[in-house]
Amino acid sequence: MVNDITPAITRRIISVLFATKSLHSTALMVTFTVTSIIAVRLTGSEASAGFPSTVSTVGRVVGAYPFGWMMDRVGRRLGLSVGFLVAIVGAAAGALAVLQGIYWIFLAGAFLIGMSKSATEQTRYIAAEVTPEGRRANAIALIVFSGTVGSLGGRLVMGMNERLTEVTGIPSLAGPWLLTVGLMVIAMLLNQV
């Protein structure tokens, strides 16, 4: 497969993977910053603070095989797009749960966000597939580094949350989930480049 890909196409693919993985990592940082707080508020119990993270991890595990299988069958780009779509649905569910005060919807959103992570974790393998053998380690390292970029981006986006909630009047804990919807829409569109 690598023999059919020009260096320019490889650079474009790696750039898109880096950008979309960074956006996904940013979105995860934004949502998981408030996840425990939301869980406690929705249930009234501090014992529930870690449960959404656990549910998200289960979603990540459950999604790993189906996303890998899908990418083998229908292609990497479509598989990643479905992963971003799952994140959009999960983030929308999280926002709805906060607005309506429904805990089980919140857990469903966390599960779907976890599933989407299993799709974006495939990006390092995609990078390796399209890169010549001697440069694969660099390509994989760049994709892994995108998670760091996302972590830093998450802090910047959380600053936008205050402005978003002031302008729209929505609860501040719903804002991160709505911002995640926006980030995932951008990632899904970039994935089509």
Side-chain angles (χ1 to χ4, degrees), residues 1-32 53 55-94 108-157 176-177 179-193:
M1 181 175 171
V2 175
N3 296 335
D4 300 337
I5 300 175
T6 66
I9 292 173
T10 298
R11 281 192 300 275
R12 188 188 81 205
I13 292 170
I14 299 294
S15 297
V16 168
L17 292 173
F18 182 86
T20 57
K21 181 78 165 69
S22 294
L23 287 168
H24 191 270
S25 296
T26 298
L28 289 182
M29 289 303 297
V30 168
T31 55
F32 289 129
S53 294
V55 169
S56 179
T57 301
V58 171
R60 185 174 164 191
V61 170
V62 167
Y65 181 79
F67 276 113
W69 179 87
M70 180 190 315
M71 288 183 190
D72 278 346
R73 296 287 185 260
V74 300
R76 309 309 188 236
R77 180 178 288 172
L78 182 58
L80 282 175
S81 290
V82 171
F84 295 132
L85 183 60
V86 168
I88 291 167
V89 172
F111 181 84
L112 292 173
I113 291 286
M115 280 189 78
S116 74
K117 185 162 175 52
S118 66
T120 61
E121 286 177 344
Q122 303 290 329
T123 55
R124 67 189 79 178
Y125 305 111
I126 299 167
E129 286 178 346
V130 300
T131 306
E133 194 171 323
R135 308 255 323 131
R136 286 183 183 155
N138 292 342
I140 293 169
L142 185 64
I143 300 303
V144 171
F145 177 68
S146 69
T148 304
V149 171
S151 296
L152 297 173
R155 298 186 77 182
L156 296 172
V157 172
W177 294 88
L179 287 168
T180 294
V181 169
L183 290 170
M184 292 300 89
V185 167
I186 293 168
M188 194 162 67
L189 293 173
L190 276 176
N191 191 49
Q192 300 308 311
V193 173

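Because the structure is a prediction, the values reported are computed rather than measured.
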Can you list the residues that meet the side chain to side chain contact (heavy atoms under 4.5 Å, CB included) rule with I88, with sequence neighbours excluded? V181, M184, V185, M188
Hey, could you give me each pair passing side chain to side chain donor-acceptor pair (under 3.5 Å) that has a residue in residues 180-191? Not counting sequence neighbours. S81-N191
Between S118 and F67, which heavy-atom pair has the shortest distance, and what is it? OG-CD1, 3.4 Å
Heavy-atom closest pair, residues L17 and A127: CD1-N, 3.8 Å
In Å and rounded to the nearest 0.5 Å, what is the OG1 to NE2 distance from T120 to H24? 4.0 Å
Let's go through L80 and I126 carefully: what are the C-alpha distance in whole Å and the side-chain angles of both, what is the deciding distance for side-chain contact (heavy atoms from CB on, under 4.5 Å) to 0.1 Å, and is it a yes or a no? CA-CA 10 Å; L80 282 175; I126 299 167; 3.8 Å; yes
Using the side chain to side chain contact (heavy atoms under 4.5 Å, CB included) criterion, which residues pair with R12? Sequence neighbours excluded. R77
Please identify each residue that fulfils side chain to side chain contact (heavy atoms under 4.5 Å, CB included) with L142, with sequence neighbours left out. I14, F18
List in chain and number order the residues that pass salt bridge (charged side-chain N to carboxylate O under 4.0 Å, His left out) with K117, two or more places apart in sequence or in another chain; answer none if no residue qualifies. E121
List the residues meeting side chain to side chain contact (heavy atoms under 4.5 Å, CB included) with R135, not counting sequence neighbours, and say none if there are none. T131, N138
I'd like to check I113 versus L28 (side-chain heavy atoms, cut-off strictly below 4.5 Å). Are they in contact? yes
Could you report the tightest heavy-atom contact between M71 and A119, atom names first, then the distance? CE-O, 3.6 Å
So, do L156 and L152 sit near enough that their side-chain heavy atoms are less than 4.5 Å apart? no
Applying side chain to side chain donor-acceptor pair (under 3.5 Å), which residue pairs with at least one partner in residues 61-75 are found, sequence neighbours left out? D72-R76
Hey, could you give me each pair passing side chain to side chain donor-acceptor pair (under 3.5 Å) that has a residue in residues 143-153? Not counting sequence neighbours. none
Which heavy atom in S25 sits nearest to a heavy atom in G147, and how many Å separate them? OG-CA, 3.5 Å
Can you give me the closest heavy-atom contact between L190 and A19, atom names plus distance? CD1-CB, 4.0 Å
Smallest separation among heavy atoms of V149 and T26, with atom names: O-OG1, 4.4 Å
